[in-house]
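In the text below, chain A, chain B and the rest are named by the order of the sequence lines, each starting its count at 1.
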Amino acid sequence: MSEVRAEVRDESVRELAAGVTVEPAGGAGKAGEGGGTPHGAANGAAAVEEELLTINFGPHHPATHGVLRLLVTLRGEVVLEAHPYIGYVHTGIEKSCEDKSYWKVIPLVERMDYLAYYFNAMTFCMAVERLLDEEVPPRAQYLRVIHCELNRIHSHLVWLGTSALDLGAISIFWYCFRERDKILDLFESSSGQRMHTRYVQVGGVAEDIPAGWADKALAFTYDMEERVGQYEAILDRNEIFLQRTRDVGIVSEERLLGLGVTGPLLRATGNPWDLRKADPYSSYDHFDFRIPVGTVGDCYDRYRVRVAEIRESCSIVRQAIEGLPEGPYITTNRKVALPPRHELATSMEALIHHFKLVTEGFRVPPGEAYAPIEGPRGELGCFVVADGSAKPSRVHMRDPSFVNLQALREMVVGGYVADMITNLAMLDPILGGIDR
Amino acid sequence: MPDATGLELIAHDLREQVLGAVTDTQHHRGIATLIVDPERILEALAWLRDTPNQAYSFLASLHGNDYLPAAPRFGVHYELLNMDRVERLHVKALLDEPADGGLPELDSCVELFPTASFQERETYDMFGIRFRGHPDLRRILMPEEYEGWPQRRDFPMGGEPVLFTHNETQTPRWYE
């Protein structure tokens, strides 16, 4: 086995070395010390000093935030080329979805980007609702917003903790996970699960929030805002953190747009593109919130944007809880949503609907829909093709991590290895979402 | 989203500029779809991107689909976005399976939209649609030595042996 692996690796190394000489550190990105032409191998004595080193970074490396493998060519400490290799946790979720009825797809898509499960379920449900032409009641929209924003805070907290850990700050990791746990407690109390909650359903949400939950969530948002201030106090004046993030990994806004990058990475360059504002869905236009943007587009701005987003999300959760409308939490269309449990004892019709929905599921008229939302990492879109049966004929997730990963090469080429770690951390890739 | 009239206007202009590019239009559930001749997909995308009053300059997503019983079997979908007007346009190219059993081919749009690189690789990986002119068309999610196109509708679900050290030698073309 080991010979096979070595052979495969040698091949890719050769291929890579060829690639490096043809294409010197292409695109924008910072022109560091090593940004020039790397093929100095021809001129004698310098050849020894300029020997290139090609190493596998990952797939099992704590700083890759999952199982990402980067084939990195180095000259000393300087990154000359970096190629991401992905697919190590590819589980064929999209294929599996084609064999499940629509409501059984929800738990599957939730497991793609495992830090943004509410978002995954929501974008899938929005695509199906579009195909069904199903209205979502206002209370359900608000409940979705509340949970999505809590999920965004949760995702950013995990990102902040692990990223700071990559940069050598361990205590912030424990603080972030302490707050994250409170969010998971809230999720557990509202939906029964801490992760992969299957809370968002086609036509609404699975359950109303329990009594007292709103107060707990409100208290959490106030607490969270205070904690964010404490995190900033730890990191913002930390000389090591500042030196490692400032002016690192700058890629121009135009280039990022060309590469399809969205979310905090794009907003860090000063482009206020956020689907919650630009194309409000699920009654986001009812809330008053700001879109944090950066100015330089370096790793420090990416950090600032995400931390500021935590504050805005707290504010959205508060507004949504305070303005939570009365009414049903899921559509009353019995052809799509399960009837309430108590009706089953008295109504024959409810029993029939229940039976049909649980055994076969609902049918969706033929059509194709793409529903995008603003996930924690950028535009998260779900493309669903319905063929008229009770199972989707295709489910595709446009995962922001997958698309954003393409920008990594331009962020790291020409910089130091240590900056590559920073860039990777601030890119916030979730390999479950990349590989699906 | 352009409304039904707006979509027809776009289709009309595109037909005039790029002859025979648009084969059909659809407006379903508020989603505007242009169905484009696969041979002219690049011209159509370039026109949509560069014409000043269109300016669909952001490719949000690219994905493939297999409409197996239908006659043009494969579809490649482009979700274009105009960020200023916040309008989305869904462009679709339908491809037939070649009669000689080869792979269907389509021009790569990486030159126009660099973001398409990974997504075209994924479409190639899952559906076996070959993108002409893609700089690095390799499998991306499946192992490089994998045979078959897993997301085609006639590809069986399940039964895939998990690759461990002890059965590595039994997988097809493991030595390459």
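- Taking G381(A), P372(A), A407(A) one by one and counting their heavy-atom pairs under 4.5 Å with chain B, the maximum is reached by P372(A).
- Here the side chains of L405(A) and F118(B) are in contact, with some heavy-atom distance below 4.5 Å.
- With a 4.5 angstrom heavy-atom cutoff, R152(B) touches chain A only via backbone atoms.
- For chain B, the nearby part of T262(A) is the side chain; its heavy atoms alone come within less than 4.5 Å.
- Among the candidates H90(A), E98(A), Q406(A), the residue making the largest number of heavy-atom pairs closer than 4.5 Å to chain B is Q406(A).
- At a 4.5 Å heavy-atom cutoff, Y88(A) makes no contact with chain B through either its backbone or its side chain.
- Of the N and O atoms on the side chains of Y67(B) and E368(A), at least one donor lies less than 3.5 Å from an acceptor on the other residue.
- Taking all atoms of both residues into account, the shortest heavy-atom contact from G258(A) to P114(B) is O-CD, 3.3 Å.
- Remark: side-chain polar atoms of R398(A) are not paired, donor with acceptor, to backbone N or O of L62(B) under 3.5 angstrom.
- Contact count against chain A (heavy-atom pairs under 4.5 Å) is highest for H77(B) among Q119(B), H77(B), Q26(B), H90(B).
- For a residue to count as touching a neighbouring chain, one of its non-hydrogen atoms must lie under 4.5 Å from one of that chain's; by this rule P365(A) touches chain B with the side chain only.
- Within the 4.5 angstrom heavy-atom criterion, only side-chain atoms of F58(B), from C-beta onward, approach chain A.
- Your options are T33(B), D125(B), L68(B), L81(B), and the one with the most heavy-atom pairs under 4.5 Å with chain A is L81(B).
- In summary, R29(B) and E134(A) do not engage in a salt bridge, as defined by a charged side-chain N under 4.0 Å from a carboxylate O.
- Residue contact with chain B, scored on non-hydrogen atoms closer than 4.5 Å, involves the backbone of L132(A) exclusively.
- Interatomic distance, I86(A) CD1 to L141(B) CG, rounded to the nearest 0.5 Å: 5.0 Å.
- With a 4.5 Å cut-off on non-hydrogen atoms, E79(B) touches chain A through its side chain but not through its backbone.
- Judged by distance alone, the side chains of R394(A) and Q151(B) do bring a donor and an acceptor atom under 3.5 Å apart.
- By the 4.5 Å heavy-atom criterion applied to side chains, F383(A) and S61(B) are not counted as neighbours.
- Contact between R130(A) and G30(B) at its shortest, heavy atoms only, is NH2-O, 4.4 Å.
- Per-residue counts of heavy-atom pairs under 4.5 Å with chain B were compared for D435(A), V261(A), I434(A), L275(A); the largest is that of D435(A).
- The aromatic rings of H396(A) and H63(B) lie tilted to each other, with the angle between the two planes from 30° to 60°.
- For L112(B), no part lies near chain A; criterion is any non-hydrogen pair under 4.5 Å.
- Between R153(B) and S393(A) there is a side-chain heavy-atom pair separated by less than 4.5 Å.
- For CD of E105(B), the number of neighbouring non-hydrogen atoms (other residues, nucleotides, ligands) closer than 6.0 Å is greater than 12.
- Under the side chain to side chain contact (heavy atoms under 4.5 Å, CB included) criterion, N271(A) pairs with E253(A), L257(A), L266(A), T269(A), W273(A), not counting sequence neighbours.
- What you find for A60(B) and E379(A) is that their closest heavy atoms are CB-OE2, 3.4 Å.
- Look at E122(B) and R436(A) and you find a salt bridge, because one of the NZ, NE, NH1 or NH2 atoms lies within 4.0 Å of a carboxylate O, short of that distance.
- In terms of modelled atom types and a separation under 3.5 Å, the side chain of K95(A) and the main chain of M126(B) share no donor-acceptor contact.
- Among A116(B), P143(B), G64(B), the residue making the largest number of heavy-atom pairs under 4.5 Å with chain A is G64(B).
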